[in-house]
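Notes to accompany the following structure.
We count ligands from 1, going down the list as the structure has it; atoms in each ligand are counted the same way. Keep in mind that this is a model prediction, so the values were computed, not measured.
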Amino acid sequence: MKKSIIMAAALCITATACQKNSGSGDAEMDAFISELMSKMTLEEKLGQLNLVAGGDITTGDALNSPIGAAVANGSLGGTFNIKGAEKIRELQQLAVDSTRLGIPLLIGMDVIHGYETIFPIPLALSCSWDMDAIETSARIAAKEASAAGINWTFSPMVDISREPRWGRMAEGSGEDPYLGSQIAGAMVRGYQGDLTSPENILACVKHFAFYGAPDGGRDYNTVDMSRNRMYNEYFAPYKAAVDAGAATVMTSFNTVDGIPATANKWLVTDVLRDRWGFDGLVVTDYGSIAEMEPHGVAKLADASAMALNAGTDMDMCSFGFINTLKQSLEEGKVTQKAIDEAVRRVLEAKYRLGLFDDPYKYSDTSLEKTNIYTPENRAEARRIAAETFVLLKNDNNTLPLERKGRIALVGPMADNALNMQGTWAVTADHTKYKSLRQGLEDALGSNGTVLYAKGANFYSDPALEAGVSPGGSTRDPRSDAELLAEARRVAAGADVIVAALGEAAESSGESSSRTDLTLPANQQALLDAMLATGKPVVMLNFSGRPTVLTAEAAKVPALMNVWSPGSEGADAIADVLFGDVNPSGRLTATLPANMGQIPIYYNHLNTGRPEDPANPNFQRYRSNYIDSPNEPLYPFGYGLSYTDFDYSNLRLSAPSLNADGSIDATVTVRNTGSRKGTETVQFYIRDHFASISRPVKELKHFERITLEPGESADVTFTITPEALSFYNSNLEFVAEPGDFSVMAGPDSERVLSADFALK
Ligand code: BGC
């Protein structure tokens, strides 16, 4: 075998392979901070390492809370989840005027998919495959949040996940490392820009690392994976965010190789800092130092020392650093140097924000009135939301609907703006948003009528519902039978039925793991009753994760996943239902055919006994199931349009490439339908023989193109050795000479293929 080509490591497995990220080497900043630190007492230093929740989102009173007192006595470096520029300004003033050195505060917030202009949840945004749109969503979120006094968002969440049982899939970008990396970079650029503008804020990449792979899909559960999997499948988006200049990183709750991530020196120092060159601030997740006690690793004092020694700088809500590091220093468990390094990184984050020049840079309270939930921001959210919907089925051109007649709108999401905002809409102003019912009424105007009946709650069981819909507040007290009877009556007078079904806002997100991802029985009964009318039924599936839609897809003529679409979701759905916008979303996570297939993902290994794809039946002694196909219901990359695209003539510019060369793979895509449409052209690679088994396909390139009816375009992917590289068993990033295929298509299954070699 020829020698493998060792690439300049994408994940930098040697300390020298990566350049230091920007920020270090800033002599002025270093001098300023050294001077400041020379004046600080140990107590003041430990105060900087302490990050405490404001509690204000729930109580509405930050100033008169213990936070006010802590700010005044200099025992915290930052706080978070306080809403309101005025309050934040007062806190900042307290920090500046009442403490000895007047060090300003970091003011954090979980601005995950918008501040008051709420964008679709991140999983939905990823389905747009539109990096400009995603960057715009982050820029607008930062613009609004900064106008409200926030200077640090705990986003982007870039955890790759193949675990739809895990509710936090809602917060990430799905299952693919390449797409996830593009999105991670776009989000960081959107939030931070170059950090000189008061409309940019610090990004925080989370949750480092591997939080998206908990055993059984249960939140906070054990993660255990091979280095091969870490390096080839899970690390890339974190690294991409760091490369894009992310200023801060948050550690995850889970263990990595048995050691909680927060205190895992290999992860935080060896990989993140030394190999990847990250020189920013590492903050823990909420209480994760204290959680090292139930993890069975250490009680608070030792846990704090371990976390600091691992390279973690700031303690979110464990009160371990502030209360125990002084004693640990005396006992020699930590060094003054380690404390100083952490303090320096906190101060550097503040310096990069410009807070030492102007502590009130984010405190222009007039901006709260002019920059938040503006018509421009809302228009972007509406446009972007429409790009995230994934049309899964559309028999007989059921969609788009004609903008006339009588439309029956039923289901727990039909008149429920609250639940359309999705998880982590903590800063939303729920008085402002439209429900789908209002959206359809506005779109129809005097041309038609919306006939509404709820038809079903999210769940029959009130206890289940209380846990998922904020406060259970949108529940209808009537019985299932009464709700159903009303829906039948309403549907009887309609020309077409839209069923708005699925998950409530808090069915997904943190602490929202589920074992059954099928539609609850009462919602299925509603759908069946609607189908029994014999009228055309469009099912809109609202969800924060891939759900199991096999039963529904078998019977409804039209099915569209609309996720949690956000504050402008109602208008965006109307735009797509009535055909003003042609749907273009593509799945970024596989939709399983049944629960038993989970985890199911497109970029799997072939195994030594792959099933024969030509044989649909169970094949004994092959890698398949007795009672289910291997195939998902809908594959990664899948999504329909109101027009059709044809792929042809995948060709290569040469049959092989050299270690320092490249070849072009080009495919012709033609719009064969009668509407203008946007297609996401996807290119995948397969490495047929390598020193470690490689996936059956891996996404390596994609392009969104818009074509008029009858128009065609050539789309090219330039294949380089880097695109063919992977981490071998020595964790070297290598391109191994041999045989490859390149595939191009509209999704990960329907592909054209061509073979080539790397010489
Ligand atoms: C979550 C983080 C979040 C933090 C602060 C934690 O429970 O895991 O994603 O940023 O809380 O609110």
Side-chain angles (χ1 to χ4, degrees), residues 50-59 62 67 76-83 105-115 121-123 138 141-142 145 150-161 163 166-173 184 187-188 191 201-214 217-221 223 237-238 241 246-256 260-262 281-292 294-295 307 312-320 349 422-428 506 508-513 544:
N50 192 27
L51 178 67
V52 180
D56 175 84
I57 282 184
T58 36
T59 64
I67 292 297
L76 48 81
T79 181
F80 62 102
N81 289 356
I82 296 172
K83 192 175 179 193
L105 298 166
L106 290 175
I107 304 286
M109 178 71 92
D110 288 283
V111 181
I112 309 295
H113 52 111
Y115 182 78
I121 51 168
L123 179 62
I150 310 298
N151 54 37
W152 186 17
T153 178
F154 302 137
S155 175
M157 188 276 222
V158 304
D159 303 320
I160 292 295
S161 188
E163 253 308 344
W166 188 56
R168 301 198 80 170
M169 270 199 91
E171 299 174 51
S173 297
M187 297 284 289
V188 169
Y191 288 132
I201 60 180
L202 299 174
C204 183
V205 184
K206 66 188 191 185
H207 306 81
F208 195 63
F210 319 124
Y211 184 35
R218 207 178 70 216
D219 205 3
Y220 317 124
N221 202 11
V223 174
Y238 306 107
T248 77
V249 169
M250 185 187 292
T251 59
S252 56
F253 289 126
N254 53 280
T255 54
V256 173
T262 297
L281 166 66
V282 175
V283 62
T284 75
D285 201 347
Y286 201 114
S288 65
I289 294 178
E291 288 177 18
M292 285 172 65
H295 268 303
T312 296
D313 305 312
M314 204 171 197
D315 168 3
M316 185 198 286
C317 298
S318 289
F319 302 95
T423 186
W424 278 130
V426 289
T427 45
E506 299 301 336
S508 52
E510 186 172 350
S511 186
S512 297
S513 298

Requested in this report: Determine whether the side chains of Asn254 and Ser252 contain a donor N or O and an acceptor N or O closer than 3.5 Å.
Outcome: yes
Query raised in the report: Contact between Glu171 and ligand 1, counting heavy atoms under 4.0 Å?
Result: no
**Report entry** Where ligand 1 meets Phe80 - atom numbers and elements under 4.0 angstrom, heavy-atom basis
**Finding:** 5 (C), 12 (O)
Requested in this report: Check each of Asp285, Val426, Thr153, Leu51 against atom 6 (C) of ligand 1 and report the one with the nearest heavy atom.
Outcome: Asp285
Query raised in the report: What atoms in ligand 1 come closer than 4.0 Å to a heavy atom of Asp110?
Result: 3 (C), 5 (C), 10 (O), 12 (O)
Query raised in the report: Which of the atoms in ligand 1, numbered in the order shown and given with their element, are less than 4.0 Å from a heavy-atom of Phe154?
Result: 10 (O)
Query - Ligand-residue contact atoms, ligand 1 with Lys206, heavy atoms, under 4.0 Å - result: 2 (C), 3 (C), 9 (O), 10 (O)
**Report entry** Identity of the nearest option to atom 9 (O) of ligand 1, non-hydrogen atoms only, from His207, Met109, Met316
**Finding:** His207
Query raised in the report: Does ligand 1 have an atom that lies less than 4.0 angstrom from a heavy atom of Met250?
Result: yes
Query raised in the report: Among Thr312, Thr262, Asp315, which one satisfies side-chain hydrogen bond (donor to acceptor under 3.5 Å, both in side chains) with Ser288?
Result: Thr262
Query - Flag side-chain contact, heavy atom, 4.5 Å: Phe154 against Met250 - result: yes
Query raised in the report: Measuring from the heavy atoms of Trp424, does anything fall under 4.0 Å of ligand 1?
Result: yes
**Report entry** Polar contact flag, side-chain donor to acceptor under 3.5 angstrom, Glu510-Tyr220
**Finding:** yes
Query - Over-ring placement of Lys83 relative to Tyr115, 6.0 Å and 45° cut-offs - result: yes
Query raised in the report: Are Thr423 and Ile112 side-chain neighbours, meaning at least one heavy-atom pair lies under 4.5 Å?
Result: no
Query raised in the report: Roughly how far, to the nearest 0.5 Å, is OH of Tyr211 from CE of Met157?
Result: 7.5 Å
